[in-house]
Amino acid sequence: MQIALIQFHEVGKKYYFSVDNNLNIAVNDVVVVETSVGLETGIVSALKEETEVEVVKTLKPILRKANEKDLKDKASNDQDQIDVVKATNKLVKELDLDMKILEAEYTLDRMKLTIYFESEVRVDFRELVRRLSGQFKTRIELRQVGARDVAKRIGGIGPCGLVLCCSTFIGDFDPVTIRMAKNQNLTLNPKKISGICGKLLCCLKYEDSIYSEMREIMPDLYDKIDTINGKATVIDLNFVSSKLKVKYQDPELSAEWINLAELDF
């Protein structure tokens, strides 16, 4: 059977759905599916064949290819969501709640409205939900998101001068640890290794596996090694270029950078 990889947001996680044999869809088609929150439209990102019946059975089916009404409803919802954010922000001020409203999202059938917010403290928003339910006449869910998700939704420019990775292509956030910065010999200055979200730079994850692999191959700092010019001590490492700087025991020889390939371990 055929299965489809569906993306619901321009930059977001993708999910697999099964494709009925009678449904003729192609990549980039807009389709309607039923998710855990309700009916939603998504874009077909990829199609593939799956022979394992048990795998297909665990997937929810694509209900239909989006028709003209579905597309109009989606456009109308997108416009109304802007007004929802404005109205919610107004209520937040009235109730003096310590929270920042980021985004609102209707399901296609408007049976549910999810409102995303940021807050550094625990917020009692029961009264806010009550008022929102009365105003918008649908089921309301307020969902708190973390600093990385805030940056992803708002966007911006990273310290590298490029548009944020999280708002352009990162679907899921992988764990990023201080060990990765240490592994790459980076200065452990929070201003240097943190993104605009205040968390460790996501890009620390990109090359970490290469640095880990190179650390296993290359000698450690201050190791004693044999070179074509005699015994020496490793005083610096460059993992990107596979070079190491050595200081020779012979005082007449100056310290220099040599290629890893020149060593015979």
Side-chain angles (χ1 to χ4, degrees), residues 5 7 9-16 45-46 48 50 52 55 118 120 144-265:
L5 192 59
Q7 187 166 17
H9 301 95
E10 186 176 352
V11 181
K13 188 174 180 179
K14 300 175 183 178
Y15 299 86
Y16 278 111
S45 176
K48 62 178 291 188
E50 177 57 60
E52 292 291 335
V55 172
E118 175 192 17
E120 296 182 358
Q144 187 171 1
V145 298
R148 293 186 190 276
D149 292 291
V150 173
K152 183 183 183 72
R153 292 176 182 278
I154 295 177
I157 304 297
C160 59
L162 299 176
V163 178
L164 296 178
C165 295
C166 59
S167 62
T168 52
F169 65 87
I170 294 180
D172 291 324
F173 291 112
D174 291 323
V176 183
T177 65
I178 196 68
R179 180 195 60 76
M180 295 176 182
K182 293 179 179 178
N183 201 30
Q184 298 172 40
N185 285 343
L186 297 176
T187 302
L188 301 183
N189 182 337
K191 293 183 179 180
K192 298 289 186 181
I193 59 175
S194 298
I196 64 172
C197 60
K199 303 296 183 180
L200 290 171
L201 289 164
C202 291
C203 54
L204 292 177
K205 174 74 175 179
Y206 299 164
E207 299 173 351
D208 185 62
S209 60
I210 300 299
Y211 279 90
S212 296
E213 181 180 329
M214 291 303 296
R215 281 193 175 278
E216 293 183 4
I217 298 172
M218 296 180 74
D220 294 326
L221 278 175
Y222 311 118
D223 275 0
K224 306 294 184 182
I225 61 174
D226 292 318
T227 73
I228 57 175
N229 293 322
K231 294 187 179 296
T233 301
V234 179
I235 59 174
D236 202 355
L237 297 167
N238 188 318
F239 296 104
V240 176
S241 62
S242 299
K243 290 184 177 181
L244 51 152
K245 192 173 186 180
V246 297
K247 180 180 180 181
Y248 295 104
Q249 288 186 2
D250 187 342
E252 294 185 1
L253 296 176
S254 301
E256 65 174 345
W257 286 95
I258 61 175
N259 291 314
L260 179 64
E262 296 177 17
L263 300 180
D264 183 18
F265 292 101

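None of these values were measured; they are calculated from a predicted model.
Applying the side-chain hydrogen bond (donor to acceptor under 3.5 Å, both in side chains) rule to S254 yields no partners; only residues at least two apart in sequence or on another chain are considered. Under the side-chain hydrogen bond (donor to acceptor under 3.5 Å, both in side chains) criterion, Y248 pairs with N229, E256, not counting sequence neighbours. Annotation: side-chain hydrogen bond (donor to acceptor under 3.5 Å, both in side chains) contacts of K224 (sequence neighbours excluded): T233. The side-chain hydrogen bond (donor to acceptor under 3.5 Å, both in side chains) search around S212 returns N183, not counting sequence neighbours. E118 pairs by the side chain to side chain contact (heavy atoms under 4.5 Å, CB included) definition with K100, L102, V150, not counting sequence neighbours. Contacts of S167 classified as side chain to side chain contact (heavy atoms under 4.5 Å, CB included), with partners at least two apart in sequence or in another chain: V163, L164. In this structure Y206 satisfies the ring-ring contact (aromatic ring centres under 6.0 Å, His included) test with no other residue, sequence neighbours excluded. Checked against salt bridge (charged side-chain N to carboxylate O under 4.0 Å, His left out), D149 has no partners two or more places apart in sequence or in another chain.
Within the 4.5 Å cutoff, side-chain heavy atoms of L221 are placed close to those of L237.
M180 contributes atom CE, which lies 11.5 Å from atom SG of C203 (distance to the nearest 0.5 angstrom). Distance OH/Y16 to OG/S45: 8.5 Å, rounded to 0.5 Å. The structure places CD1 of I228 at 8.0 Å from CD1 of I258, a figure rounded to the nearest 0.5 Å. Remark: L260 CG to N238 CG distance equals 11.5 Å, nearest 0.5 Å. Taken from OH in Y15 to CG in L5, the straight-line distance is 11.0 Å, to the nearest 0.5 Å. A distance of 3.5 Å separates CE in M214 from OG in S242, rounded to the nearest 0.5 Å.
Among pairs with a residue in residues 228-248, those fulfilling salt bridge (Lys or Arg N to Asp or Glu O under 4.0 Å) read D226-K231, at least two apart in sequence or across chains. The salt bridge (Lys or Arg N to Asp or Glu O under 4.0 Å) analysis of residues 175-186, with sequence neighbours excluded, yields the pairs R179-D208. Sequence neighbours left out, the pairs with a member in residues 185-198 that pass side chain to side chain donor-acceptor pair (under 3.5 Å) are N185-R215. Judged as a ring-ring contact (aromatic ring centres under 6.0 Å, His included), the pairs with a partner in residues 209-234 (not counting sequence neighbours) are, in order, Y211-F239.
Geometrically, K152 engages F173 in a cation-pi contact, judged by NZ or CZ lying under 6.0 Å from the ring centre and within 45° of the ring axis.
Summarising the geometry of V176 relative to C202, their closest heavy-atom pair is CG2-CA, 4.1 Å, with the distance given to 0.1 Å. Looking at every heavy atom in both residues, I178 comes nearest to L200 through N-CD1, 3.5 Å. In terms of heavy-atom proximity, C197 sits nearest to A151 at CB-CB, 4.0 Å. Shortest non-hydrogen contact noted between A232 and T227 is CB-CG2, 4.3 Å. Taking each heavy atom of I196 and G156 in turn, the nearest pair found is CD1-CA, 4.4 Å.
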- Task: Quick one: do L186 and L204 satisfy side chain to side chain contact (heavy atoms under 4.5 Å, CB included)? Show the steps, please.
- Result: CA-CA 10 Å; L186 297 176; L204 292 177; 3.4 Å; yes
